[in-house]
Every structure is written in structure tokens, then in C-alpha cells.
Amino acid sequence: MKSSSPYLVGRHMRGLWWKIWIDSQPRSSPRSIALASPPAVETCAPINMTSENPRLRFAPSPTGALHIGGARTALYNWLAARHEGGKLVLRIEDTDRERSIAENVEQILDAMRWLELDWDEGPISQAGRADSHAAALGRLLESGAAYRDAATAKDVEAWKAEHGTRRGYRGTPTEEPGAAVRLRVPDSGETVVEDLIRGPVSFPNTSYDDFVIARGDGTVLYNFAVAIDDAEMGITDVVRGDDHLSNTPKQLLVLAALGHEAPRYAHLPLLHGPDGKKLSKRHGAASVQELRDSGYLPAAVRNYLALLGWGTDDDTTLMPTEELVRRFRVADVGKSAAIFDERKLRWLNGRFMREMPLDEYTAAVARHLGRESDARLRAACEIAQEKAQTLDEVWPLIRFLFEPPVDDEKAWAKVMKADTGALLAAAAEALAAVEPFDPASIESGLAPLLERFEIKPGRLYQPIRVAITGSSVSPGIFESLSVLGREPALDRISTAVERLSASSADG
RNA sequence: GCCGCUAUCGUCUAGGGGACUAGGACGCCGGAUUCUCAGUCCGGAAACCGGGGUUCGAAUCCCCGUAGCGGUACCA
């Protein structure tokens, strides 16, 4: 953060986080009651940012699975809360009754748990707070800060056609009980969002409509509910996506009308898809579940997501979660949108996989494969650990230890030449004598064949590999033979020799 | 349309008036490690959106463009 900014001292300044400037010129219409004598500058008391009790919230709407953008927002909130020793509240923004689906809530919770992002309170249903919302709505109606207006969307459009496009819609109060409720927005002045990441951002009040805060039936809308909930739940820091920045003044206006203190705000740059557009489900944006199913590790995903929009001064890239918690500061987050790049996640994931203790690694593989975490799997994991970048890549490498060799024509054709039968037969003979049947002994048992046949190692090892795995790709050949075991290995080699001689007889 | 945000290698970023011949990471290319693949190690190519201004000096500050994105719902 530029130290030149008067608003941001250091990289995580604390101080006045918002203020609303409203010209003292009241509007001529009766609507000005609520703002009859607004101060020229209305400012909340500075919040002491060293305050011991920061409260953050992650507030997803259950209109779909949690995608990586939402996951990053959740992570940043979690990191900020843990870094500050504060509380994280999980709130489900389900005031849109048609698009909010119960099973999506479970999906979101499931995703949070998998990411190992725990929360201290909630999940709280926003819709479940309808009574509080209704009470606040009543107060605003009472004070005149809000009013009923019978205008439909079409009416608003017509009004705008008449009054020009630069002006926000101003309605006409009505007593009609079924009419929607709108908040009065000042006709002058501007509302300033003191954003922790961007500094002060000001919006002319005239650019906002008297926006609807409650439907005709009394149920409330997002920008109203969110302001009330944040205030009543004692949220001190709102960390959310950039797509909310333009709506923040509306929430500030609601807060001001209600006499509530506003939280601090930090708007994160959006995550874009490869096409540069805002990430959404119709993007096929990777959901957290998809990441899990693809074999990524939660810790790697956290590390990667943290780096999307945030970096360290010293270029550190690989960070265990504790380090993320220690170093992360919301104010250090960058301002521009980032694009999700799975290749870097793969690399990062590979690093985490290789650095895991074997038992942990085996457990992760077992979970991913839905298998028993037994001694054999552990042995398999041991020889495959350094080769896989994702959990998904492990099985193809160790499959031969649990199932018969795969049938890979190409691999066979490539290494099983006419004269390899003799080679394999000699290898089998050598292997039968190896004692103990461990990688080092196997290697020294096989080595003399290289000289005897005057061949390069590949000429011998690749046929053995194909014989025991069916594939031309596997962990190290000595390790593979050892874990497979002498008898199965000899069986497979002799089967290959038979097949070889049968085909040469044919041909 | 209106309001707002953003702009450094393909991607994620560092840098915040002189330390910039612009650093790191992924990816890419080449080499090494010669049992495959992967991994690892070494090397390489690769960027300050454009134009003005301020200044002795601008990637950095200001303005104007341009582009991208977001908001503008009785969605969240």
C-alpha cells in the first residue's frame, strides 16, 4: 500500500473506515424527512484496529456449489480471522427463496470442511433472521427513511427515460400495503467506501436509485439484509468479492439510516476464468468438489488460492497453512483480477505430495482410492510418492501391485522384440536366485545380464516392466519388482515369455 | 447509457521516483541425471497498454485515451 495515501498508513492501517458525505441541502420533496438535517460530514467513530475482537464473516449464497472464487474468499476471511485471533462467522445468504437450494448449503459446508476452514459461529441462515429484518424495516418506514412505492420495473424504466440516464430513480410514496419498500437516497453528495485494499472510493448519490429493500410481501432484499446482519452480528471486517463494491454505498446508506456503525471493508479483486470473465458456474469453473475429486490436497489448494491475488515480499511460494496464517494480511492483497491456472496448482500439489510423511500420504491415497490403508498400499505409495503430482496419478503407477498387468498393445509392440524372450528368460533365472528380494539385490542380480547380452539397460528393464505391469510406465523397476514379490514377478515374466514365443511361432 | 474498479513476461506476482540491464514462481525451450514416466539440478527465451505532463530522473506520481472487468433486479 502506498504510504502516500492518507488513508492507509502502513500496509494494514486501521482507522476511519467509512464516512458518508451528504450535502446539507435537503431534497425539496417530502422524502427528505429522514435526512432532514444531515451533518455535512457524517463519520463513524474510528475503530481501533488493534481491537482484540475482530469478527469476520463468510457469506456465500447457496445458488450453486462453492467454486474456487468463493473458496478464495472463504480462505481470505479465514486467514484474516486466524491471523488476528478473531472470529469467523458463516452466514448463508438465502434470501432469494427461488434460487437458494438446501442441498447447496450442504455442498458449501462440505467444501469448507474439506478445505479445513473451520468457523466459529453458524451457519446462520439469513432468511432465518427475517424478524430482525422486519423490525429494521419498520423503523425505517416509521422514520421516513424508507417508503412504499407501487412502481414496477417498467415504471422505473419509464421514469428514467423521462428524467435522463444520469439520475437515479426517485419514487412516489404510497399507502398501498402491497407495494415494495424503497430506501430514500440523497439527491446530492457522495458516499465514500474506505476500502482496505483500494483506499477511498466515492460514489455520487445521484447515481443510485431509491432502491428496493423489501418486496411487496415484506421479505427483504440482499443489500438491506446484509447491512443489518453485519451490524447486528457485530461484524467488524467485511472481506468479500469486488462485485460487491458498487453495492457497498447502498449498504452504507442503510446503515446510516439505521444509525449503525459500519464495518471495515475490503473488496477482493475477482477471479476470472481463462476467458477473462468473472468466474461462475456456467464457466465450468472448478468447484471445490471437483478439485477434491481430481486429487488435489487441501493444503495445496489453500496455498495456491492464497497466492491468487496475494504475494509475499520475499517471493516465498511454498507455504504451509500456519505460515499463511502468520503472514497473510488483507491489506496486502493486490487490486487486479487474477486468472485461475491449474498447471501451477498441479505443481504446487506435487510439492506437497512429495513432502508428506509416508503414513499421511498413504492415508490420503487410500481415502482418494476408497481402499484400505494397509501395508501393501503403504509399500506401493512409498515407491510412487515422488512421481505423482496429484492423488489421481498414483493409481496408474501402482495398479500392477493389485491387479493383473494391463493390456497395452503399444507398450508391448514397442519393447517386446523377437529376441527379448531369451532376455526375459535369463532375467527370470537371475531373479529366482536373488536373495533377499529387495531393490539393491535385484539390481545386482540383474546387472550381469547387461554384459552377457551386451545391451543397454533399457533393453532389459523395459521388457521386464512391460511384463510385470503391462505398461511402459511404472516406478523404478527394482522397487517395483521387490514390492510385487518374487513369485508374482516370475509368473508374469514367464507369461510374457510364452506370449512372445507364441507370436514368433505365428509370425 | 450511467456509476465504479483495474492495467508489469502466456499465467501468478515483486517492485511504490534513482538500487531496473525490471526480480521470483508456474508453464515453455535446451542440457544433465542415461531403466520408463515423473521428479530433481543447470541454462535460456519471455513483460512495465498508449499518449501527454510533473521531475535532473517515471514501471513507480498526475491527466487523457484505450482495453478488460464489475455494478446498475421486488438476484446474491
Side-chain angles (χ1 to χ4, degrees), chain A residues 1-4 59-63 93-96 98-100 126 149 151-153 156 160 164-168 179-182 193 195 198 201-204 206-209 211-217 219-223 225-226 241-250 267 269-270 272 274 276-278 304 307-318 334-348 350-351 354 384-389 393 396-397 411 414-415 443 446 456-462 464-466 469 471-478 480:
Chain A
M1 226 45 5
K2 274 104 255 156
S3 52
S4 58
S61 78
T63 52
E93 311 268 45
D94 53 0
T95 50
D96 183 341
E98 275 164 30
R99 296 199 306 154
S100 298
Q126 187 163 54
D149 179 19
T152 62
V156 172
K160 286 186 174 177
T165 171
R166 307 186 69 100
R167 252 188 101 187
V181 179
R182 290 178 185 273
V193 179
D195 192 88
R198 292 158 210 287
V201 183
S202 52
F203 300 82
T206 46
S207 66
Y208 289 93
D209 293 339
F211 56 99
V212 175
I213 57 177
R215 300 180 179 96
D217 64 5
T219 57
V220 298
L221 263 23
Y222 173 77
N223 283 120
V226 86
D242 213 354
D243 48 342
H244 291 282
L245 182 57
S246 295
N247 282 325
T248 305
K250 293 181 183 177
H267 288 94
L270 257 22
H272 287 167
K277 297 266 201 297
K278 176 183 175 181
Y304 177 73
L307 256 16
L308 232 38
W310 171 78
T312 57
D313 305 348
D314 59 2
D315 292 328
T316 306
T317 302
L318 272 150
K335 297 179 187 173
S336 52
I339 293 171
F340 176 72
D341 176 18
E342 191 174 348
R343 289 175 304 183
K344 189 162 184 175
L345 171 59
R346 286 183 68 80
W347 169 79
L348 209 48
R351 296 293 300 251
R354 267 169 265 129
Q385 180 166 14
E386 63 172 18
K387 307 174 80 68
Q389 307 232 66
E393 290 174 6
L397 290 169
K414 193 174 175 192
V415 303
E443 179 166 17
L446 252 19
K456 290 183 175 177
R459 284 288 313 281
L460 174 63
Y461 301 141
Q462 277 302 80
I464 297 178
R465 174 169 281 118
V466 171
T469 72
S471 148
S472 58
V473 176
S474 86
I477 193 64
F478 312 122
S480 294

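Atoms considered below: every heavy atom in the structure, side chains included; atoms not considered: hydrogens, waters and symmetry mates. Chain A is the first sequence line, chain B the second, and so forth, proteins listed ahead of strands; every chain is numbered from 1.
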(request) Inspect the contact between A:Lys335 and A:Asp195 and indicate whether a charged nitrogen and a carboxylate oxygen are less than 4.0 angstrom apart. (result) no
(message) What's the closest nucleotide to the side chain of A:Thr317 if the choices are B:A25, B:G39, B:U36?
(response) B:A25
(message) As a test of reading the structure: which of B:C35, B:A76, B:U40 is closest to the side chain of A:Arg351, going by heavy atoms?
(response) B:U40
(request) For A:Leu221, report the nucleic acid contact type (base, sugar-phosphate, nothing); a contact means any heavy atom under 4.0 Å. (result) sugar-phosphate
(request) Considering just the side-chain nitrogens and oxygens of A:Lys344, establish if one lies under 4.0 Å of OP1 or OP2 belonging to B:C28. (result) no
(request) Identify the heavy atoms of A:Ser480 and A:Pro475 that sit nearest to each other, and give their distance. (result) OG-O, 3.2 Å
(message) Distance check, rounded to the nearest 0.5 Å: A:Arg166 atom CZ versus A:Ser207 atom OG?
(response) 10.0 Å
(request) Return the minimal non-hydrogen interatomic distance between A:Phe203 and A:Val193, and the atom names on each side. (result) CE1-CG2, 3.9 Å
(request) Locate the shortest heavy-atom distance separating A:Thr95 from A:Ala225; write the atom from each residue and the value. (result) CG2-CB, 4.3 Å
(message) Rounded to whole Å, how long is the line connecting atom NE2 of A:His244 with atom P of B:G71?
(response) 9 Å
(request) From the options B:C74, B:U13, B:U36, select the nucleotide whose nearest atom is closest to the side chain of A:Ala338. (result) B:U13
(message) On the nucleotide B:A38, are OP1 or OP2 found under 4.0 Å from the side-chain N or O atoms that A:Gln389 carries?
(response) no
(message) B:A38, OP1 or OP2 - any side-chain N/O from A:Arg354 closer than 4.0 Å?
(response) no
(message) Between the side chains of A:Asp209 and A:Arg182, is the shortest nitrogen-to-carboxylate-oxygen separation below 4.0 Å, so that they form an ion pair?
(response) no
(request) Could you please name the option among B:C35, B:C69, B:A76 that lies closest to any side-chain atom of A:Pro457? (result) B:C35
(request) Using a heavy-atom cut-off of under 4.0 Å over every strand shown, decide if A:Lys414 touches base, sugar-phosphate, or nothing. (result) nothing
(message) Of the options B:A38, B:G27, B:C35, whose atoms approach the side-chain atoms of A:Trp347 most closely?
(response) B:G27
(message) So which atom in A:Asn223 and which in A:Lys250 form the shortest heavy-atom distance, rounded to 0.1 Å?
(response) OD1-CD, 3.8 Å
(message) For a quick check, tell me whether the side chain of A:Asn247 and the base of B:G71 share a donor-acceptor pair closer than 3.5 Å.
(response) no
(request) Tell me which nucleotide among B:G10, B:C74, B:C35 gets nearest to the side chain of A:Asp341. (result) B:G10
(message) By the 4.0 Å heavy-atom rule, please label A:Ala151 as base, sugar-phosphate, or nothing.
(response) base
(request) Not counting sequence neighbours, which residues clear ring pair (Phe, Tyr, Trp, His ring centres under 6.0 Å) with A:Tyr208? List them please. (result) none
Check: protein-nucleotides 2-8 of chain B nitrogen or oxygen pairs below 3.5 Å:
unit_1: B:C3; atom_1: OP1; unit_2: A:Arg166; atom_2: NH2; d: 3.2
unit_1: B:C5; atom_1: O3'; unit_2: A:Arg198; atom_2: NH1; d: 3.4
unit_1: B:C5; atom_1: O2'; unit_2: A:Arg198; atom_2: NH1; d: 2.7

(message) Nearest whole Å is fine: how far is B:A76 C1' from A:Lys250 NZ?
(response) 11 Å
(request) Return yes if a side-chain donor-acceptor contact under 3.5 Å exists between A:Arg465 and A:Thr469, otherwise no. (result) no
(message) By nearest atom, which of the nucleotides B:A76, B:G15, B:U40 is closest to the A:Arg215 side chain?
(response) B:A76
(message) Please check: side-chain N/O of A:Asp242 versus main-chain N/O of A:His267, any donor-acceptor pairing under 3.5 Å?
(response) no
(request) Using heavy atoms to find the nearest nucleotide of RNA chain B for A:Gly476 and A:Ser100 separately, return the residue whose nucleotide is more 5′. (result) A:Gly476
(request) Pick base, sugar-phosphate or nothing for A:Phe211, based on heavy-atom distances below 4.0 Å to the nucleic acid. (result) nothing
(request) With heavy atoms under 4.0 Å as the rule, sort A:Asp209 into base, sugar-phosphate or nothing. (result) sugar-phosphate
(message) At less than 4.0 Å, is any side-chain N or O atom of A:Thr95 found next to OP1 or OP2 of B:A76? Yes or no.
(response) yes
(request) Indicate, with a heavy-atom threshold strictly under 4.0 Å, whether A:Gly309 touches base, sugar-phosphate, or nothing. (result) sugar-phosphate
(request) Could you tell me whether A:Gly216 contacts a base, only the sugar-phosphate backbone, or nothing, with contacts defined as non-hydrogen atoms closer than 4.0 Å? (result) base
Below 3.5 Å is the cut-off: list the nitrogen or oxygen pairs between protein and nucleotides 46-48 of chain B, distance only.
none

(request) Without swapping roles, check the side chain of A:Tyr304 against the backbone of A:Asp341 for a donor-acceptor pair under 3.5 Å. (result) yes
(request) Ignoring the backbone of A:Arg343, work out which of B:U40, B:G10, B:C35 is nearest its side chain. (result) B:G10
